[in-house]
Amino acid sequence: SREVHDDDRPCSPFICFLIVRQEGNNAHTHPFVSVYEAYKKSGPNVLGVEALQGDDGCTGVKVNTADGYADYLFTATDMQAHHPSKRVSFCGGLGLIREKEGQIQLMYLGCGRSLKKGNFVLESDHDVYAAIYMQHGVWYYSATGPVRVKIGKETKELNEGYNQKL
């Protein structure tokens, strides 16, 4: 049986939260990711969901959308480095990488220390909630504490902030 709860965290432009608890299967030792899409007349945007081959203690999915995005969602049960997908390293509770035409548009790290893919790195010495995202060709970040951001060859040390230009 499952219980569904609204989460009182504020939504970002990209992510809102819905909590689903499953009885009889301890998510602490068997993490899971689910995808839920609500829609009306316009029809669904989710074209498909693929399970990713993670490692012990980490799982993830790739979500392909009608508007051309590929979203990679990861969750883990511990604060160890995991490799839930090709060229991806993740240490945290929740990770999200959004790509369009193979180019990263967004990286979100929820209660974690590191999310890396290729030349993109979002990391901290402490558990943080942080994101880097592109809007209209400009990179921004939000973070609950100090973070290091690498895009390409450029690395920046950044303080806590919300919707700040990189």
Side-chain angles (χ1 to χ4, degrees), residues 7 9 11-22 25-38 44-135 137 139-145 147-156 158 166:
D7 190 3
R9 283 183 274 193
C11 291
S12 77
F14 307 104
I15 302 171
C16 287
F17 296 89
L18 177 71
I19 297 174
V20 177
R21 294 198 170 119
Q22 182 171 307
N25 185 0
N26 186 346
H28 183 69
T29 56
H30 297 92
F32 69 94
V33 175
S34 61
V35 176
Y36 171 80
E37 177 185 27
N45 190 40
V46 173
L47 295 176
V49 179
E50 302 170 36
L52 298 174
Q53 298 300 316
D55 51 26
D56 288 344
C58 181
T59 192
V61 294
K62 176 183 178 187
V63 181
N64 293 304
T65 64
D67 53 2
Y69 290 102
D71 291 334
Y72 298 83
L73 295 153
F74 318 109
T75 189
T77 59
D78 56 35
M79 285 302 192
Q80 303 300 314
H82 294 280
H83 302 279
S85 181
K86 289 181 182 177
R87 298 179 51 221
V88 173
S89 175
F90 166 64
C91 175
L94 176 66
L96 167 65
I97 298 173
R98 170 171 272 192
E99 295 181 344
K100 186 160 193 168
E101 299 173 357
Q103 301 297 311
I104 292 176
Q105 304 293 306
L106 162 79
M107 291 177 70
Y108 174 82
L109 178 61
C111 191
R113 296 186 181 205
S114 178
L115 180 59
K116 302 175 185 179
K117 182 172 185 185
N119 290 328
F120 287 76
V121 177
L122 179 58
E123 64 185 356
S124 178
D125 294 330
H126 308 282
D127 294 346
V128 295
Y129 292 86
I132 56 173
Y133 45 95
M134 182 183 283
Q135 290 184 331
W139 281 100
Y140 293 85
Y141 84 96
S142 294
T144 59
V147 292
R148 281 178 300 286
V149 173
K150 178 181 176 191
I151 298 176
K153 294 182 179 181
E154 185 177 0
T155 301
K156 293 185 177 185
L158 304 166
L166 282 175

Test item: [X] and [Y] side chains (from C-beta on) under 4.5 Å apart, heavy atoms:
X: L166; Y: L158; result: yes
X: L109; Y: F90; result: yes
X: M107; Y: V149; result: no
X: I97; Y: F74; result: yes
X: Q80; Y: H82; result: yes

For this session: State whether D125 and R148 are salt-bridged, where the test is any N-O pair (Lys NZ or Arg NE/NH1/NH2 against Asp/Glu carboxylate O) under 4.0 Å.
Result: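 R148 and D125: salt-bridged.
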
For this session: Determine, for R113 against D127, whether the closest basic-nitrogen to carboxylate-oxygen distance falls under 4.0 angstrom.
Result: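 Result for this pair is yes, salt bridge flagged.
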
Inter-residue atom distance [X].[atom1] - [Y].[atom2], 0.5 Å rounding:
X: L94; Y: C111; atom1: CG; atom2: SG; answer: 10.0 Å
X: N119; Y: I151; atom1: CG; atom2: CD1; answer: 10.5 Å
X: W139; Y: I104; atom1: CH2; atom2: CD1; answer: 7.0 Å
X: E99; Y: Y69; atom1: CD; atom2: OH; answer: 12.0 Å
X: F120; Y: R87; atom1: CZ; atom2: CZ; answer: 10.0 Å
X: L73; Y: K62; atom1: CG; atom2: NZ; answer: 12.5 Å

For this session: Kindly indicate whether a cation-pi arrangement holds for K117 with Y72, taking the cut-offs as under 6.0 Å to the six-membered ring centre and within 45° of the axis.
Result: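 Yes, K117 sits over the ring of Y72.
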
Do you know the tightest heavy-atom contact between [X] and [Y]?
X: R98; Y: D71; answer: NE-OD1, 2.7 Å
X: E37; Y: V46; answer: OE1-N, 3.1 Å
X: P84; Y: L52; answer: O-CB, 3.4 Å
X: K116; Y: S114; answer: CE-OG, 3.3 Å

Report yes or no: does [X] contribute a side-chain atom to a donor-acceptor pair with the main-chain N or O of [Y] at less than 3.5 Å?
X: S142; Y: A130; value: no
X: K100; Y: D67; value: yes
X: N45; Y: A66; value: yes
X: T144; Y: Y129; value: yes

